[in-house]
Number of protein chains: 2
Amino acid sequence: MRLDRNKESARQPLPSAVERFRKVLQRKSLRWTREREAIMKVVLAREGHFEVPDLVAALRKEGVDASRATVYRALPLLIEAGLIHPTVLSGERHRYEATFGHRHHDHLICSQCDKVVEFRFEAFEILQREVAAKHGFDLTDHFHELIGICSNCKGKKSADA
Amino acid sequence: MRLDRNKESARQPLPSAVERFRKVLQRKSLRWTREREAIMKVVLAREGHFEVPDLVAALRKEGVDASRATVYRALPLLIEAGLIHPTVLSGERHRYEATFGHRHHDHLICSQCDKVVEFRFEAFEILQREVAAKHGFDLTDHFHELIGICSNCKGKKSADA
DNA sequence: GTAGCTGCAAAGAATTTGCAGTTCT
DNA sequence: AGAACTGCAAATTCTTTGCAGCTAC
């Protein structure tokens, strides 16, 4: 999760997301285009995690003009603007999650049924900064994912092999 | 990092790694072959993180018989045996790290120079189990990676764009 | 003897890139 | 006008698979 304590972004509607995105573009002398705007909106509207091929399909379904290539090219910018964040998730393809307008959280995942629980534990946030500081780092981001077996799956026999 | 508190595996030489691997194979009615053995040894001998294509190249260089396909097929077994573990590390391809004979640790990474610091902080281990338990999960594994700017890079101007 | 293995080469997928035409600023 | 964009299709990679012949048990 991109750490972001100096901006009261959570819970704000679209305008400030637009602002953030524009700011990044401006700083890099890049342009605000209809495609980038469309991608941004669809991304922010998505619930939970998403993978790029799915996102591309979703765009197409909404009749949004934005080719796969353009989507791939936009992602790093959205990340830089703090609107989305890569997530780990044992999966194969890259996964992202909209972070703008969402309270920061990490994930607890059942390895058997893939159930995902979002959690937030302030102690982690504090200790992480401490650990980083102890090694002379300024913490800017982190990935934290817990893997386990949920109560529901505990009973079931593991049909291993 | 695969959690493993019931086995005093760390610091032990090869034999017990072999034993573990054989045990997994046995349980799944799979076979102990010269290729799997060779892959296991080369993997355990590697320092730090590795990606599959590099591992395959390393094997070839040592004249080890083991095709790419066989390597890919062996990895899940090595993971199951607790000899290696996938790591996050923002990279593109899958990355692994030998865990057998190494004390568990997580990573602190400089996003500018890619410097990697291994850290271990007992509090995290404990709190993670607590969080999992609070949601009814049995924790079996976790990914935890801190991203920041190291002291060395702090001075440098960020030649962004 | 048989189920499982292996290498190979082909297949699959996700992501990236070169290019020619378009569009912000 | 000029730099930056976009879609397309081709190119790259990593990873997986089908198959025919080998090998551990």
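Side chains included, hydrogens not; waters and symmetry mates left out as well; all remaining heavy atoms used. These numbers come from a predicted model, not from an experiment. Quick note on labels: first sequence line is chain A, next is B, and so on, each numbered from 1.
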Nearest-angstrom distance from the residue atom [atom1] of [X] to [atom2] of [N]:
| X | N | atom1 | atom2 | value |
| --- | --- | --- | --- | --- |
| A:Lys28 | D:dC5 | NZ | C1' | 16 Å |
| B:Phe50 | D:dT15 | CZ | P | 11 Å |
| B:Glu37 | C:dT6 | CD | P | 12 Å |
| B:Glu35 | D:dT23 | CD | P | 9 Å |
| B:Arg22 | C:dG4 | CZ | P | 18 Å |
| A:Leu75 | D:dT6 | CG | P | 12 Å |
| B:Tyr72 | D:dT15 | OH | P | 3 Å |
| B:Asp54 | D:dT13 | CG | P | 13 Å |

Sugar-phosphate, base or nothing in reach of B:Arg36, heavy atoms under 4.0 Å: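 Touches sugar-phosphate only.
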Sugar-phosphate only, base, or nothing, as touched by B:Arg73 at under 4.0 Å among non-hydrogen atoms: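 If one applies the 4.0 Å heavy-atom cut-off, B:Arg73 turns out to touch a base.
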[N] OP1/OP2 closer than 4.0 Å to side-chain N/O of [X]:
| X | N | result |
| --- | --- | --- |
| B:Thr33 | C:dT6 | yes |
| A:Arg31 | D:dA4 | no |
| B:Ser29 | C:dG4 | no |
| B:Arg34 | D:dA24 | yes |
| A:His94 | C:dA14 | no |

Under 3.5 Å side-chain donor-acceptor pair for A:Glu145 and B:His144: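 Side chains of A:Glu145 and B:His144: no pair found under 3.5 Å.
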B:Glu118-B:His104 side chain donor-acceptor pair, cut-off 3.5 Å: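 Their side chains do not contain a donor-acceptor pair, so the 3.5 Å distance test is not met.
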Pairing of A:Arg120 and A:Glu122 as salt bridge, 4.0 angstrom limit: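 A salt bridge links A:Arg120 with A:Glu122.
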Closest-nucleotide 5' rank along DNA chain C - winner of B:Leu25 and B:Ala69: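 Comparing both residues, the 5'-ward one is B:Leu25.
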Ring-face cation of B:Lys134 near A:Phe121 (centre distance under 6.0 Å, axis angle within 45°):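 Judged by the rule, B:Lys134 and A:Phe121 form a cation-pi pair.
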Parallel, tilted or perpendicular: rings of B:His85 and B:Phe143 (30°, 60°):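 The arrangement is tilted - the two ring planes meet at 30° to 60°.
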